[in-house]
Amino acid sequence: MSRNDEIATLLEEFADLLDANGVEYKPRAYRRAAENIRDYPGAIEGLAAEGEDSVGEIDGVGDAISSKVVEYFETGEIEELTELREELPVEMDALTAVEGVGPKSVGSLYEALGITTLDELEAAAEAGEIQEVSGFGAKTEQNILDNIDFAREAHERSLLGEARPYGDQIRAYMAAGDAVEECALGGSIRRWRPTIGDVDVLVGSTDAEAVIERFAGWDELDRVIESGDTKASAYADDVRVDLRVVDPTEFGAALQYFTGSKDHNVAVRNRAIERDLKVNEYGVFREVRSTSSSRTASDDDVEGVEDDDQRAGELVASESEEAVYDALGMEWVPPELRENRGEVEAAADGSLPDLLAEGEVRGDIHTHTNWSDGGNTIAEMVEGAADFGHDYLAVTDHATGPGMVGGVGVSDEQLREQMGEVESVAADADIDVFTGVEANIAADGTLSVADDLLADLDVVVASSHAALDGDGTDRLVTAAEHPDVNVIGHPTGRYLNRREGLDVDIDRLADVAAANDTALEINANPARLDLGGGAVKQAIETGANVVINTDAHSPRNFDLLRYGVHTARRGWAETDDVLNTRDADSLRKFLDA
DNA sequence: GCCGTTTTCGGCCCGACTGTTTTCAGTCG
């Protein structure tokens, strides 16, 4: 966890404790500050060392919070937070993980019953004590009992690679319903985020009841959490699925709204406000001055006054996303860009990138065979790549060295032998086949394969497989400077939900990579997606090439390419930024340079 | 607690759902 994360987590805890105490507005300020500190690209400890004014440069961080940040770095604690913890000594994260229990409930239950842990919460619920507390009742108590085991499992987010096929399945099922006019996935799954909190399904229909009924009847659902007139939530195999039903005429506005991200939508709404427009999930509306001027408290008593506040004003757009953005003077924003990283401004002045498209990648230059830990022969992998539609393939089996245990990697001698075999397969192949290796980068940046051999191979991918913590910038820079290294493979070495991987100064690495004709990989394996979108954007802006590889260990892994393509799009990649959109000849020129 | 080309004070994103309540609070996304 970076120190930015560390501070952000503390501020969020601060917010929860304030919330539990019934404090208004402050919690939101703390959460906003936490979010901005977490997203801040630089190191918070550096700002803290410079003093409160520097910390206060971060959006949403003012005098009070910046002094707490500095205090934390100087003394190791935030005194006010310590006091709040003493006043309310509860396991906040564990308790609020129970569906339906938030900070305020935690505060009330501590006040009334002294509950501090999940075990105490469960005991109190079983004893029937919770329904006696003011504001709680029998149903709330039963809900707590129903949800407490689930909360104990401490759910992590699903990988995109697991959730996406699952979302496609749900969408297909819903789309086949008679009452369903339109159906789409929204939320983070539509933005292709590496991890997914839940699967959002949006349906356009004039018969919401039938749609909700169809949803509830889906075979895969384990249990339904809530089911109202226009939305329902359920769990299927521990994945939360949220359904929304909207009128087909408002489908575009709803899809825009539910695709997010939250930050993107806030920026879009602010742009609307500047234009005297209002955006919500029902559409874009223009304030109607003549009637809104009479909007006073007495209106509540007047019959015939617009009671449908959400749709108040003159409707400007709602049916399609394109119309919604157009009404705000913006180009349609591809979902992968909707993270408030400058896309709102770019869409407004017509400078959105012309993003890489699926189908433009022409080959894979990081793959494995049964010479190392792959499951197939060189010929099978080459045939698989051709069937997939690739123009070329590089065989880059693991070399022995740091991180390659159990005899997985091949020796220099075996590599020499393999080169001959790759060339003989290549002679009969329909596509171009490159020799190669995935060499290991030791902690000091040196490689595990002899230089003369590296010079003879077409493609050298250099990757770290051991000592994957701490700052890896020097290590990767050293490897990128090696004259025969073409690709830095899965640069941070992260494993989503399992390990963070190396801290890398992407700007510095990308600078060196650009100067040395070394490409930085977007590893399309859903457990990695490394580099991620934010880092890709930085690398490209610095001038480096990226390359999208699947790291395939079998022919069916070539299908994972789409996760890499959409990750590249999240990094604003255009076709020319991506090395393997080039044809084989021009790729060869890059490799030989 | 933060923020400001209509404000240094008075607002803070907001709608749906549930459950506990007789008009609203808490939670969630």
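Computed from heavy atoms alone, side chains included, the values below leave out hydrogens, waters and symmetry copies. Note on naming: letters A, B, ... go to the chains in the order of the sequence lines (proteins, then strands), and numbering restarts at 1 for each one. Values in this document were obtained by computation on a predicted structure and should not be read as measured data.
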Which one, B:dC17, B:dC12, B:dC2, comes nearest to the side chain of A:Ala29? B:dC2
When rounded to the nearest 0.5 angstrom, what is the spacing between CG in A:Leu95 and CD in A:Glu120? 8.5 Å
Could you give the distance separating B:dG19 and B:dG10 at their C1' atoms, to the nearest angstrom? 33 Å
By the 4.0 Å heavy-atom rule, please label A:Ala138 as base, sugar-phosphate, or nothing. sugar-phosphate
In whole Å, measure the gap between the C1' atoms of B:dT7 and B:dC17 for me. 36 Å
Assign A:Lys139 to base, sugar-phosphate, or nothing according to its heavy-atom contacts below 4.0 angstrom with the strands shown. sugar-phosphate
From NZ of A:Lys262 over to P of B:dG15, roughly how many Å is that when rounded to an integer? 16 Å
Side chains of A:Thr82 and A:Glu77: any donor to acceptor distance under 3.5 Å? yes
Is the A:Tyr257 to A:Tyr282 ring centre distance short of 6.0 Å? no
In whole angstrom, what separates A:Lys26's NZ from B:dG10's P? 18 Å
Distance check, rounded to the nearest 0.5 Å: A:Met92 atom CE versus A:Arg85 atom CZ? 11.0 Å
Under the criteria of a ring-centre distance below 5.5 Å and an interplanar angle below 30°, is A:Phe136 stacked with the base of B:dT20? no
Between the base of B:dC12 and the side chain of A:Arg28, is one N or O donor paired with an acceptor at under 3.5 angstrom? no
Can you find a side chain N or O atom of A:Asn143 that sits less than 4.0 Å from OP1 or OP2 on B:dG19? yes
For the P atoms, the ones on B:dC3 and on B:dC13, what distance do you get once it is rounded to whole angstrom? 13 Å
Of all the nucleotides listed (B:dG15, B:dC17, B:dC13), which has the minimum atom distance to the side chain of A:Arg269? B:dC13
May I have the distance from A:Arg31 (atom CZ) to B:dG29 (atom C1'), rounded to whole angstrom? 13 Å
Between the side chains of A:Ser158 and A:Glu162, does any donor sit under 3.5 Å from an acceptor? no
Pairwise P distance, B:dT22 and B:dG26 [rounded to whole Å]: 13 Å
Closest nucleotide among B:dG19, B:dG29, B:dG1 to the A:Ala64 side chain: B:dG1
Interatomic distance where CG belongs to A:Asp146 and P belongs to B:dT18 [whole Å]: 15 Å
Take the protein atom CG of A:Asp59 and the nucleotide atom P of B:dC12, then report the distance between them rounded to whole Å. 18 Å
What is the glycosidic conformation of B:dT22: syn, defined as within 90° of 0, or anti? anti
Less than 6.0 angstrom from the centroid, inside 45 degrees of the normal: does A:Arg562 satisfy that with respect to the ring of A:Trp192? no
Position toward the 5' end of DNA chain B (nearest nucleotide), A:Ala232 or A:Ser134: A:Ala232
Pairwise C1' distance, B:dT23 and B:dT18 [rounded to whole Å]: 15 Å
Among A:Glu12, A:Glu13, A:Lys68, which residue meets the side-chain hydrogen bond (donor to acceptor under 3.5 Å, both in side chains) test with A:Tyr30? A:Lys68
Could you give the CG-to-C1' distance, from A:Asn36 to B:dC2, as a whole number of Å? 11 Å
Rounding to an integer number of angstrom, what distance separates B:dT20 and B:dT27 when you compare their P atoms? 13 Å
Provide, to the nearest angstrom, the distance between the CG atom belonging to A:Asp276 and the C1' atom belonging to B:dT6. 12 Å
To the nearest Å, give me how far apart CG (A:Asp242) and C1' (B:dA16) are. 11 Å
Which residue, A:Ser227 or A:Phe258, contacts DNA chain B at a nucleotide closer to its 5' end, judged by nearest heavy atom? A:Ser227
Contact state string [nucleotides 23-28 of chain B, B base, S sugar-phosphate only, - no protein heavy atom under 4.0 Å]: ---SSS
I'd like to know if the side chain of A:Gln256 pairs up with that of A:Glu321 as donor and acceptor (distance under 3.5 Å, no hydrogens or angles considered). no
Answer yes if the side chains of A:Asp349 and A:Ser351 hold a donor-acceptor pair under 3.5 Å, and no otherwise. yes
Which is true for A:Val266 with a 4.0 Å heavy-atom rule: it touches a base, it touches only sugar-phosphate, or it touches nothing? nothing
The Watson-Crick or G-U wobble partner of B:dT18, with both key distances under 3.5 Å, is B:dA25
